[in-house]
Asker: 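This is the structure I have questions about; it appears just below.
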Amino acid sequence: MDRFRNLWAALILVVCVTASPALAFEISYTFALLQGKELELCRHMLRTYKDGFARPWVEHAPINDEHKTEAFWETQFARYPSSPEFDAIRWKAHTYKVANTSRSRSALFAEFDIDNDGSKDLVVRVGFFTGSPGSWDYLWIFDPGGVQFNEFHTHADFLKRIAPSRRAVIGYPLHQRPFIYKGRTYLHGYVYTPREFPGSNPAEPFGAPEYFLINEYVGGPARDGDEQQRHRSMKLLCKYELIQDR
């Protein structure tokens, strides 16, 4: 966990400023439920994963020509695959510029109750796991109305004007997506064994063991895995092993 904590400052800049377009791999998986077999949530999501997530890293075509941008491609794995549980959160997109360049980036935002305390939160996704080395998902949590998007033109604007007002930021696992099931919010996460250059071998880009996790965020600091453990800000409910088909 120390490695993730020590890389925090660097990753928060690298992910949002220099991440390359998503890598797509024709990998298919079977799933084994390892933890949470007694929970209906875990059994239900096992069916969801089998039905729609067997090939989670395939490339998805843009909706139309307007979306054929780098900003769209970097959010692919934040949007796809999908299911009714993930579609229950209606993300909106905000496009901003990388300072001193013509390159554009995307932020996604939505209001929902991420910590299940009965009140809505504004969740802003700035930084995305793309399958490329060093890419990472970040979920920034604000009070509703806490972000003035008309002041968010560059990544520097976000860091200087907006990020300091956050209530929390969730940055572990490296790939995570909120979803809603029976009125409660959960976090789907993906973890794997990093290689020296993750993603560099198209035949086997992600090292075993690979897992899907379902956590419930219960509030408080959650920036990285070590912090989550110390503050008990995440409750692990379900764990699935991903087995690459040969």
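Throughout, residue positions are numbered sequentially from 1 according to the sequence presented.
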Asker: For Phe109, what residues pass the ring-ring contact (aromatic ring centres under 6.0 Å, His included) criterion, not counting sequence neighbours?
Answerer: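 Result, ring-ring contact (aromatic ring centres under 6.0 Å, His included) vs Phe109: Phe149.
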Asker: Only counting residues at least two apart or in another chain, list the ones meeting side chain to side chain contact (heavy atoms under 4.5 Å, CB included) with Pro84.
Answerer: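 Pro84 satisfies side chain to side chain contact (heavy atoms under 4.5 Å, CB included) with no residue once adjacent residues are dropped.
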Asker: Can you name the ring-ring contact (aromatic ring centres under 6.0 Å, His included) partners of Phe112, sequence neighbours left out?
Answerer: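 Testing Phe112 for ring-ring contact (aromatic ring centres under 6.0 Å, His included), a comparison that skips the adjacent residues, returns Trp91.
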Asker: Quick one: side chain to side chain contact (heavy atoms under 4.5 Å, CB included) partners of Leu174, sequence neighbours excluded?
Answerer: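 Side chain to side chain contact (heavy atoms under 4.5 Å, CB included) check on Leu174 returns Phe129, Trp136, Tyr192.
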Asker: Quick one, Phe31 and Phe212 - any side-chain contact, counting heavy atoms below 4.5 Å?
Answerer: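 When only atoms from C-beta onward are counted, Phe212 and Phe31 do touch, with a gap below 4.5 Å.
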Asker: Kindly confirm or rule out a cation-pi arrangement of Arg223 over Tyr172, judged by NZ or CZ under 6.0 Å from the six-membered ring centre and within 45° of its axis?
Answerer: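 No.
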Asker: I need the minimum non-hydrogen distance between Cys42 and Gln35, along with the two atoms involved.
Answerer: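 What the structure gives for the nearest pair is SG-O, 4.2 Å.
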Asker: Applying side chain to side chain donor-acceptor pair (under 3.5 Å) as the test, list every pair that has at least one member in residues 141-150; sequence neighbours left out.
Answerer: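 Output for this query lists Asp143-Arg167.
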Asker: With sequence neighbours excluded, what pairs up with Ser82 under the side-chain hydrogen bond (donor to acceptor under 3.5 Å, both in side chains) test?
Answerer: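 Ser82 satisfies side-chain hydrogen bond (donor to acceptor under 3.5 Å, both in side chains) with Asp87 only.
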Asker: List the atom pairs, donor and acceptor, that lie under 3.5 Å between side-chain atoms in residues 45-54 and the rest of the protein, sequence neighbours left out.
Answerer:
| from | atom 1 | to | atom 2 | distance (Å) |
| --- | --- | --- | --- | --- |
| Thr48 | OG1 | His44 | O | 3.4 |
| Tyr49 | OH | His188 | ND1 | 2.8 |

Asker: Arg232: which residues meet the salt bridge (Lys or Arg N to Asp or Glu O under 4.0 Å) condition with it, sequence neighbours left out?
Answerer: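 For Arg232, no residue satisfies salt bridge (Lys or Arg N to Asp or Glu O under 4.0 Å) once neighbours in sequence are set aside.
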Asker: Run the salt bridge (Lys or Arg N to Asp or Glu O under 4.0 Å) test against Lys92 and tell me which residues pass, sequence neighbours left out.
Answerer: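 Scan of Lys92 (salt bridge (Lys or Arg N to Asp or Glu O under 4.0 Å), adjacent residues dropped) gives none.
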Asker: For Glu216, which residues count as a salt bridge (Lys or Arg N to Asp or Glu O under 4.0 Å) partner, sequence neighbours excluded?
Answerer: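 Counting only residues at least two positions away or on another chain, Glu216 forms a salt bridge (Lys or Arg N to Asp or Glu O under 4.0 Å) with Arg184.
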Asker: Check ring-ring contact (aromatic ring centres under 6.0 Å, His included) between His231 and all other residues, then give those that pass, not counting sequence neighbours.
Answerer: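 For His231 there are no ring-ring contact (aromatic ring centres under 6.0 Å, His included) partners, ignoring immediate neighbours.
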Asker: Please enumerate all residues that pass side chain to side chain contact (heavy atoms under 4.5 Å, CB included) together with Glu38, with sequence neighbours excluded.
Answerer: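 Side chain to side chain contact (heavy atoms under 4.5 Å, CB included) check on Glu38 returns nothing, list empty.
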